[in-house]
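What follows is a single structure, written as structure tokens, with notes after it.
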Amino acid sequence: MLNITLKDGKILEVEHGTSIVKIIDRISKKLAKFALVARFNNELVDLNTVLMESGTLEIFDFDSPEGKEAYRHSSAHVMAQAVQNLFPGVKFGIGPAIKDGFYYDFDTEHIFTPDDLEKIEKQIEDILAADYPFVRKELSKEDALQFFRDRNEEYKIELIEALPPGSIISLYSQGDFTDLCKGPHLPSTGKLKAIKLMTLAGAYWRGDESNKMLQRIYGTSFLKKSQLDEYLHRLEEAKKRDHRRLGKELDLFTLEEEGPGFPFFLPKGMVLRNALEEFMREEYRKWEYEEIKTPIILNRSLWEQSGHWDHYKENMYFTQIDDQEYAIKPMNCPGCMIAYKHAQHSYRELPIRYAEMGLVHRHEKSGVLHGLMRVRAFTQDDAHIFMLYSQITDEIKKVIEMIDEIYRVFDFKYNVELSTRPDNAMGEVDIWDKATEDLRQALEELKIPYVINEGDGAFYGPKIDFHLEDSIGRTWQCGTIQLDFQMPEKFDLHFIGEDGMKHRPAMIHRAIFGSVERFIGILIEHYAGAFPVWLAPVQAKILSISENNLDYCARVFQMLKKRGIRVELDVRNEKIGYKIREAQMQKIPYMLVVGDQEMADETVAVRSRATGAQDVMSVDVFVEMIKKDIDQKK
RNA sequence: GCCAACAUAGCUCAGUAGGUAGAGCGUCGCCAUGGUAAGGCGGAGGUCACCAGUUCGAUCCUGGUUGUUGGCUCCA
């Protein structure tokens, strides 16, 4: 007999060789219905697994990450089977579960079309109806290789060859489809219900652009049709918040064919942008930064000195002035190095914090451009901090606190990543290790949760990145803190120490918005275009009821303007409902309705964007109210 | 950059078995003076992204170019 310990601590006694399914049947009928996979002695396993030893058992349903992953992973296998049935001879890449679904990569002469997706979905239905069991089989590495060689599955062969010799290789079959797979899977295809194929895409084999491009089909699956519908509905809703759409609707910015990746900011977008920059400048004062501005075009020799010429050339634009070659800056650091060197510095001055709203240009590949999120020209709210080595941890912590404080103003949730040494890195490995350790230590001391992103650092140093989410859950790097021991070396920076000798300062690059453009993109999606009053391009709009009220409206307009409120006046010959609808769609925080009544009482009828509630008050009271919103950044 | 799809009025989109195009919104004009999410009527507005080719004739078919969208990160 075996002793099986359950999640609640209960111990079941079962016979040697009992399957997990049987055990679940004994635990509860309901559980039996919803169970998808299990964890036995810390290993995820199929429910069909037969237990040969005592241990702890945990059961997962669709609501658990483990269950959901297995569900989607099994969905991917079913999709692959459907593709195999419809397109014989197709070769298989990989097919994992991902955040909101799954994908599978295929290699076939046939080019999939959206019509094919429908056909594949029909085929999937049949496979679900047939309720094929998922059967696990374990082979030696040699036998597994033979199996896939017989089927000419070159990608599977490559995957198996990468495994250590002597490995036990598991295969999963359902019906006439067999795939190399670690598992676990659901008991049978009939457990799957609502599967939908979403999109087609190209994807390089193993994510390496020197490899062949395979055809990827993305799909998702849910326990019930209603959950799937809800998910699709959420996606539709999210699309309405897309910053590219709102940017157009609210006249914030535009992207034109004449400048792919070079956004135009329109008057309203510019107001928003200026409000953000003004806010950042207040923060500069508060956190003791000094602001500088360095040139956009600088001589090639500078970029050779900084290492950009060797490490970043493909991303840079160049130009000629007289007979000299110049580069358009892709980063602000080299200019800032020169600014630092302009004078001799004492240890007493450190840390020196130079901030710069720096416009940089980068040649991004055409296929990666995306609205304001990924552009070819953007403004970094950059800063470089020069300091003693003994000040490093404190300075990093200060920057982390500053970022956290600023993101809080917008009510952002963010993820933190620590990115380590990339392949094209400049400098010694042990210096990198030291820098990485400094960053890690600061995160640990502040108890900030983070994940490590191997090999994703900048070429001159490791970094802490702050990622924000867009409306459909894609994350974008915004804030960044990068520790750099290379630039001070390359530019021979120094300060005069207590001993009267020259010493090398340490340096941090940091940005908080990251890119003002990207940050605006995120903000638009975050607020769905309904900006808080302090950011709203138009904070209040005066709507006249009839021609009788024109003079009074103009007076109110002037009063508000004088008090610094961003106000617009709508005195067109339209009905009030029409004007309100328009102002509402422009997401203007306050509408001030003015008719005969208000004119007589010297008031305005304030309608709130959020609630639609009306409140009649004097202009002074309204100004006081809206000023309070602005001050509190509401 | 690579794979696929898409590109028609300022915006959102319809359309043509190949015979140079339509709606709604917006804009402009006139009428209505209207009290909290669209009042009525009328007008203007298009080299159907660009360049070639096929054809008597191309917005439509073919090829190329440009741009846009989704993906190329999730590792059996």
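These numbers come from the heavy atoms of this one structure, side chains and all, not from hydrogens, waters or symmetry mates. Each chain gets a letter, A, B and so on, in the order the sequences are listed, and its residues count up from 1.
Between U12(B) and Lys248(A), a contact under 4.0 Å exists linking OP1 or OP2 to a side-chain N or O. At least one side-chain nitrogen or oxygen of Tyr218(A) sits closer than 4.0 Å to the OP1 or OP2 atom of C72(B). One finds no side-chain N or O of Arg374(A) lying less than 4.0 angstrom from the OP1 or OP2 phosphate oxygen of G70(B). Residue His73(A) places none of its side-chain N or O atoms closer than 4.0 Å to OP1 or OP2 of A76(B). Phosphate proximity of G70(B) to Arg474(A): present, with a side-chain N or O under 4.0 Å from OP1 or OP2.
In this structure, Asp63(A) does not pair ionically with Lys68(A), as no charged nitrogen and carboxylate oxygen lie closer than 4.0 Å. By the 4.0 Å N-to-carboxylate-O rule, Glu469(A) lies too far from Lys413(A) to be salt-bridged with it. Taking 4.0 Å as the cut-off between side-chain N and carboxylate O, Lys141(A) and Glu161(A) do not count as a salt-bridged pair. Using a cutoff of 4.0 Å between basic side-chain nitrogens and carboxylate oxygens, Glu249(A) and Arg245(A) are scored as salt-bridged.
Nucleotide U33(B) is matched to nothing when pairs are restricted to Watson-Crick or G-U wobble geometry with both distances under 3.5 angstrom. For U66(B), the paired base is A7(B) (Watson-Crick or G-U wobble, both distances below 3.5 Å). Under the Watson-Crick or G-U wobble criterion, with both distances below 3.5 Å, A14(B) is left unpaired in every strand shown. Taking a pair to require two hydrogen-bonding distances under 3.5 Å in either a Watson-Crick or a G-U wobble arrangement, U27(B) pairs with G43(B).
Judged by distance alone, with hydrogens and angles left aside, the side-chain atoms of Ser74(A) form a donor-acceptor pair with the main-chain N or O of Ala70(A) at under 3.5 Å. Remark: side-chain polar atoms of Tyr71(A) are paired, donor with acceptor, to backbone N or O of Phe222(A) under 3.5 angstrom. Looking at Gln174(A), its side chain does come within 3.5 Å of a backbone N or O of His77(A) through a donor-acceptor pair.
Separating the CE atom of Met585(A) from the P atom of U12(B) is a distance of 14 Å, rounded to the nearest angstrom. The nearest whole Å value for the distance from the CD atom in Glu582(A) to the C1' atom in C11(B) is 13 Å. Taking atom CG of residue Asp465(A) and atom P of nucleotide U73(B), one finds them 18 Å apart after rounding to whole Å. For Ile157(A) and A76(B), the CD1 to C1' distance is 14 Å, given to the nearest whole Å. Summarising the geometry, the separation between CG on Leu163(A) and P on C75(B) is reported as 14 Å, rounded to the nearest angstrom. Per the geometry, CG belonging to Leu250(A) stands 13 Å off C1' belonging to C11(B), to the nearest Å. Atom CD in Glu69(A) sits roughly 12 Å away from atom C1' in A76(B) (whole-Å rounding). Between His243(A) atom NE2 and U69(B) atom C1' there is a gap of 13 Å when expressed in whole angstrom units.
A52(B) sits 15 Å from G57(B) when the P atoms are compared, rounded to a whole Å. Between G15(B) and A7(B), the distance separating the two C1' atoms is 15 Å to the nearest Å. Annotation: C25(B) and U55(B) have their P atoms spaced 45 Å apart (nearest Å). U54(B) and C60(B): their P atoms are spaced 15 Å apart (whole Å). Here, G19(B) and C48(B) have their P atoms 14 Å apart, quoted to the whole Å. Separation of the P atoms belonging to A9(B) and A23(B) is 14 Å when rounded to the nearest angstrom. Taking atom P in both U68(B) and G35(B), the straight-line distance is 47 Å, to the nearest Å. Comparing the same atom, C1', in A38(B) and in G24(B) gives a spacing of 12 Å after rounding to whole Å.
With 3.5 Å as the limit, one finds a donor-acceptor pair spanning the side chains of Asp629(A) and Tyr590(A).
With U68(B), A32(B), C72(B) as the choices, the nucleotide that has an atom nearest any side-chain atom of Asn573(A) turns out to be A32(B). In the set U33(B), G71(B), G39(B), the nucleotide with an atom closest to the side chain of Ser546(A) is U33(B). The side chain of Pro260(A) lies closest to G67(B), out of G67(B), C74(B), G34(B). Side-chain proximity of Ile576(A) to the nucleotides C3(B), G39(B), G35(B) is greatest for G35(B). Considering only side-chain atoms of Lys575(A), the nucleotide from G1(B), U66(B), G39(B) that sits closest is G39(B). Comparing G1(B), U27(B), G70(B) by their nearest atom to the side chain of Tyr578(A) picks out U27(B). With G35(B), U36(B), A38(B) as the choices, the nucleotide that has an atom nearest any side-chain atom of Asp596(A) turns out to be G35(B). Taking every side-chain heavy atom of Arg581(A) into account, A38(B) is the closest of U36(B), A38(B), A76(B). The side chain of Met213(A) lies closest to C3(B), out of A37(B), C74(B), C3(B). Of the candidate nucleotides A37(B), A76(B), G70(B), A76(B) has the atom lying nearest to any side-chain atom of Ile94(A).
Screening Lys579(A), Glu574(A), Glu598(A) for a side-chain hydrogen bond (donor to acceptor under 3.5 Å, both in side chains) involving Ser544(A) leaves a single residue, Lys579(A).
Ala201(A) comes within 4.0 angstrom of a base, heavy atoms only. Looking at heavy-atom distances under 4.0 Å, Arg244(A) makes contact with sugar-phosphate atoms alone, never a base. In this structure, Gln586(A) reaches neither bases nor backbone, as no heavy-atom distance under 4.0 Å exists between it and the strands shown. In this structure, Lys579(A) reaches neither bases nor backbone, as no heavy-atom distance under 4.0 Å exists between it and the strands shown. Arg572(A) comes within 4.0 angstrom of the backbone, heavy atoms only, and of no base. Looking at heavy-atom distances under 4.0 Å, Gly367(A) makes contact with a base. Gln215(A) comes within contact range of no nucleotide atom at all, as no heavy-atom separation falls under 4.0 Å.
Geometric assessment of Arg216(A) against the ring of Tyr103(A) yields a positive cation-pi assignment under the 6.0 Å and 45° thresholds.
Ring pair His110(A)/Phe112(A) is perpendicular by interplanar angle, where above 60° counts as perpendicular and below 30° as parallel.
Between the side chain of Tyr204(A) and the base of G1(B), a donor-acceptor pair under 3.5 Å is found. Judged by atom type and distance alone, Glu598(A) reaches the base of G35(B) through a side-chain donor-acceptor pair under 3.5 Å.
Contacts between residues 601-612 of chain A and RNA chain B, counted as heavy-atom distances below 4.0 Å, involve Ala605(A), Arg607(A). For the segment residues 166-189 of chain A, residues with any heavy atom less than 4.0 angstrom from an atom of RNA chain B are, sorted by number, Ile169(A), Ser170(A), Leu180(A), Cys181(A), Lys182(A).
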